[in-house]
Every structure is written in structure tokens, then in C-alpha cells.
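Take a look at the structure below.
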Amino acid sequence: MAFAMRPDVLILDEPTTGLDVSTQAHVLDTVREMTRNNDIASLYITHDLAVVAELADRVVVMLRGDIVEEGPANGVLYNPKHPYTKKLLAAIPDLPGHKNITGHGQASSVATEKPGSAAPLLEVRELKMAYGDNTVLHGIDLTLEQGESILLLGESGSGKTTLARSIAGLNPGYTGDVRLRGEVLEHSSRKRSLDQRQYIQYIFQSPFSSLNPRRTIGESLSVPLIMSGRLSRHDQRKAVEEILEAVQLDRSFYDRRPGDLSGGERQRAAIGRALVNAPDVLVCDEITSALDVSVQASILSLLADLRAERDLSLLFVTHNIALARHTATRIAVLNKGFIVDEGPVDEVLEHPTHDYTKALLANIPEL
């Protein structure tokens, strides 16, 4: 629509945010070709510096309303002068995992079963999901051990969010089994026991819509505790304040509302709400896709800390394959409702077996 008006200037406001690498590559190719062919000047607004390297002639870096650096793209990206620009560049996740953006480096070892354990912590068997005649998931098998982190990778429409929501009981229409410590769970979270609901917690993609704007952060984080009914009101507040500190928010955030918080702070609060009842499994659905690279790095670092401290298991749903070595011990690649590649991070990234995985790796923009 924008090009149809034959403009002189095109303003693109985060047009590829939230897109998988294949779709992003197609969009960027289209923008590049049409702006050059039609001699259109473009202003590309983004927090993704790898995209900047692909597209821009000049770069302007803004911080709190001020321009702190400006110049040719190669100069700003490869020889930055301002500390903020250097910080942004250092926070970009890289596929090889050389950048220690999470504070922990690469997590490449695979968790093993604890001695005497009879079943995996979480097990998905023959999970199928269809909407009318459209089959979204075709018999998914997946296991998650205690303390393990699986990166569930796929393009938009691959079925990854449908799978994640089914595991959490938010898509009750599936067939097949989801088991927790060998026990088959009801398909709907409403029919699962209180303990089962608490053991698997879901963190949604948008930090701006996942918290009730009418409630304070403390009130939102208290809801799971009120539902469990296991703590007194005094102990509930104490538990919430402790969780706020665990997700690196000051206790004063208890009385603040979501509208007072930045995107990163809201996502930390959402993570705190998921953690307040001490779950075993965190399902993270594209939780960094709307955040800039520096905030994304802080969230990934937080999750790495929490996983190490609490022996948490993570199912990290994303389209961003560059996060693999910074978040996961294993990768499961989902394509059109089938898992086409699965294994330890290094094995899948260095020796992909499926053409789809190879295409995803080939489409990663590099800086």
C-alpha cells in the first residue's frame, strides 16, 4: 500500500519486528529492491542492528530523545564512538554464541534424568491439533527434563505457539497426551488440579498486554497465591516482594502499575508472576521479540540465573535462531506442524539434517 502511492519518502516503523528470519529476509529484499528501483528515500526505524547492516546507508542512534551518534552505516556499526552504541552492539545475540550476552555463556550440555526418576519431567506424545480441516500439529513427540531448556524454533504459522499453549492447557482441543512426571494431564487447564496448573506456567509474548493495567504489580503477582489459598495475606505480600527482587525489580514496584513500567520491566513482572508459585516448567512464548537488544539481553540473563538457581525447565518458543546458544540445551525445529530437526544445540546448528533448518540458518542477518 505504501509503495502504491509512489512516495518520495517511505517511513518504515519496525516493519520486521516479530517476523521469522525467512519472512524478514523476504520483506527486506522487497524493501531494498523497490526503494532502489523507484528512487525512494527511506527512514527505517528499528531496534534490530543486524537489519540496519543489511539495509541502511546511514545510521542515527537515539537515546532518551537525543541523537548520540550519526554517520555512515559501516562507521557506526563497526567503529562505534558512543558507549550506548557499543552497548547495543554488544547485546546482539550471535549464532556461534561467542558473545556472553546472558552472563553465563553457552549452555550446551544436555540435562540428564535424576537417579531413580521413572519418567521425564514433561512428556508430549502424539499431540495433534486441528482447526476444522486445517491440521496445525501432526503428532508431536517431545520430552523436557528437569533443569533443561528447549528452544522450540519455527516460522510464523509453524504451530509452535499452538503446541506451547496446548502443553499449558490453553488449547484444550488437541488429541494425544501431555504428561507431567508420568501423569497424564487434562487437556484444559481448568480441569487440571491446582498443583498441575502451578507446575506449568506460561509467559506471554507482549509485555504491554500481559498485565492488568488496573491492578498494581503487587496485586497481579498476588493472584496466583490467592488462588492457591496456602498463604496468609501477610505472607503473600512477603512472597511477592521476594519474587520482585528475584526478577531484579525493587520492592517498591509492588505498588506501581503497568503503565509506569518500561517494556523490559513489565516482562520481568510477568516472569515474576509466573514464578511466584515455584513452578517446574516455564513456557516462554516469544517473550523477547518486542524488546530491543539490550533489554532482550537482560531478560535472557535473568532467565539463565533463575534456571540455574531454581533448577527450572524452560520451553523457549521463538523464531529467532540466533538465541539458541544463549538460552537452550536442545533445539526442536517445527515446520508445518512437524518436528523436522531435534537434538543438542551444537548438533542441530552445526549439522542440520533437514532442508528447512538449513534455510533458517542461511537467512540469519549478520552484523
Side-chain angles (χ1 to χ4, degrees), residues 17-24 120-144 148-180 183-192 196-197 199-210 267 270-271 274 279-290 303 313-321 323-324 327-328 330-343 348 354 356-357 359-360:
T17 297
L19 299 181
D20 59 78
V21 289
S22 300
T23 307
Q24 176 178 273
L121 173 63
L122 185 73
E123 189 175 13
V124 177
R125 287 290 172 260
E126 277 299 305
L127 195 150
K128 299 178 182 178
M129 183 72 186
Y131 299 101
D133 295 331
N134 180 27
T135 301
V136 180
L137 298 172
H138 301 266
I140 300 297
D141 292 326
L142 193 68
T143 60
L144 180 66
E148 189 177 37
S149 177
I150 293 180
L151 190 84
L152 183 61
L153 179 71
E155 294 177 300
S156 302
S158 63
K160 58 187 185 297
T161 292
T162 298
L163 176 57
R165 290 174 68 88
S166 298
I167 290 170
L170 303 178
N171 267 345
Y174 67 84
T175 61
D177 290 337
V178 176
R179 304 181 181 217
L180 185 67
E183 182 180 2
V184 177
L185 300 178
E186 292 285 350
H187 289 202
S188 171
S189 64
R190 294 179 181 274
K191 295 182 179 180
R192 295 179 184 180
Q196 290 170 344
R197 290 199 300 270
Y199 291 152
I200 303 175
Q201 290 292 311
Y202 198 97
I203 305 171
F204 293 90
Q205 177 176 356
S206 172
F208 297 100
S209 59
S210 59
Q267 200 62 292
I271 293 170
D280 291 317
V281 178
L282 278 185
V283 181
C284 305
D285 188 4
E286 297 274 16
I287 65 171
T288 62
S289 64
L303 287 174
S313 300
L314 299 183
L315 180 63
F316 197 95
V317 180
T318 186
H319 61 258
N320 188 354
I321 197 171
L323 299 181
T327 59
R330 285 172 53 220
I331 298 178
V333 182
L334 198 61
N335 179 32
K336 297 178 181 177
F338 294 93
I339 290 181
V340 296
D341 249 325
E342 183 181 4
V348 173
H354 198 276
Y356 176 72
T357 312
L360 289 178

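Everything numeric in this text was worked out from a predicted model, so none of it was measured. Every heavy atom of this structure was used, including side-chain atoms; hydrogens, water molecules and symmetry mates were not.
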Rounded at 0.5 Å granularity, tell me how far [atom1] in [X] sits from [atom2] in [Y].
X	Y	atom1	atom2	value
E155	I321	CD	CD1	10.5 Å
H187	T175	NE2	OG1	7.5 Å
T357	N335	OG1	CG	8.0 Å
Y356	L334	OH	CG	7.5 Å
L137	F338	CG	CZ	10.0 Å
L170	T161	CG	OG1	11.0 Å

Which heavy atom in [X] sits nearest to a heavy atom in [Y], and how many Å separate them?
X	Y	value
I150	A328	C-CB, 4.4 Å
V317	A164	CG2-CB, 3.7 Å
S189	A168	CB-O, 3.7 Å

For this session: List the steps, then state whether side-chain contact (heavy atoms from CB on, under 4.5 Å) holds for E183 with Q196.
Result: CA-CA 10 Å; E183 182 180 2; Q196 290 170 344; 3.1 Å; yes
Non-hydrogen side-chain atoms of [X] and [Y] separated by less than 4.5 Å:
X	Y	result
I200	V283	yes
D280	S313	no
L314	T327	no
K336	T135	no
T162	N171	yes
L163	L315	no
L127	S166	yes
L142	E342	yes

Exercise. Going by atom types alone, do Q205 and S289 pair a side-chain donor with an acceptor below 3.5 Å?
Worked result: yes
When you measure from the side chain of [X] to the backbone N and O of [Y], does any donor-acceptor pair fall under 3.5 Å?
X	Y	answer
D285	I203	no
R192	E186	yes
Q267	I287	yes

For this session: Step by step, work out the side-chain contact (heavy atoms from CB on, under 4.5 Å) result for H354 and V333.
Result: CA-CA 9 Å; H354 198 276; V333 182; over 6 Å; no
For this session: Output all residues satisfying side-chain hydrogen bond (donor to acceptor under 3.5 Å, both in side chains) with N320, sequence neighbours left out; order by chain, then residue number.
Result: none
Problem set entry | All ring pair (Phe, Tyr, Trp, His ring centres under 6.0 Å) counterparts of F204, not counting sequence neighbours |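 F204: ring pair (Phe, Tyr, Trp, His ring centres under 6.0 Å) contacts with Y202.
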For this session: Could you note down all residue pairs passing salt bridge (charged side-chain N to carboxylate O under 4.0 Å, His left out) where residues 160-179 supplies at least one of them, sequence neighbours left out?
Result: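 Passing the test, one end in residues 160-179: K160-E286, D177-R179.
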For this session: Could you check L180 against Y199 for side-chain contact (heavy atoms from CB on, under 4.5 Å), going step by step and ending with a plain yes or no?
Result: CA-CA 9 Å; L180 185 67; Y199 291 152; 3.6 Å; yes
For this session: Would you please test T143 and R330 for side-chain contact (heavy atoms from CB on, under 4.5 Å) and show each step?
Result: CA-CA 11 Å; T143 60; R330 285 172 53 220; 4.2 Å; yes
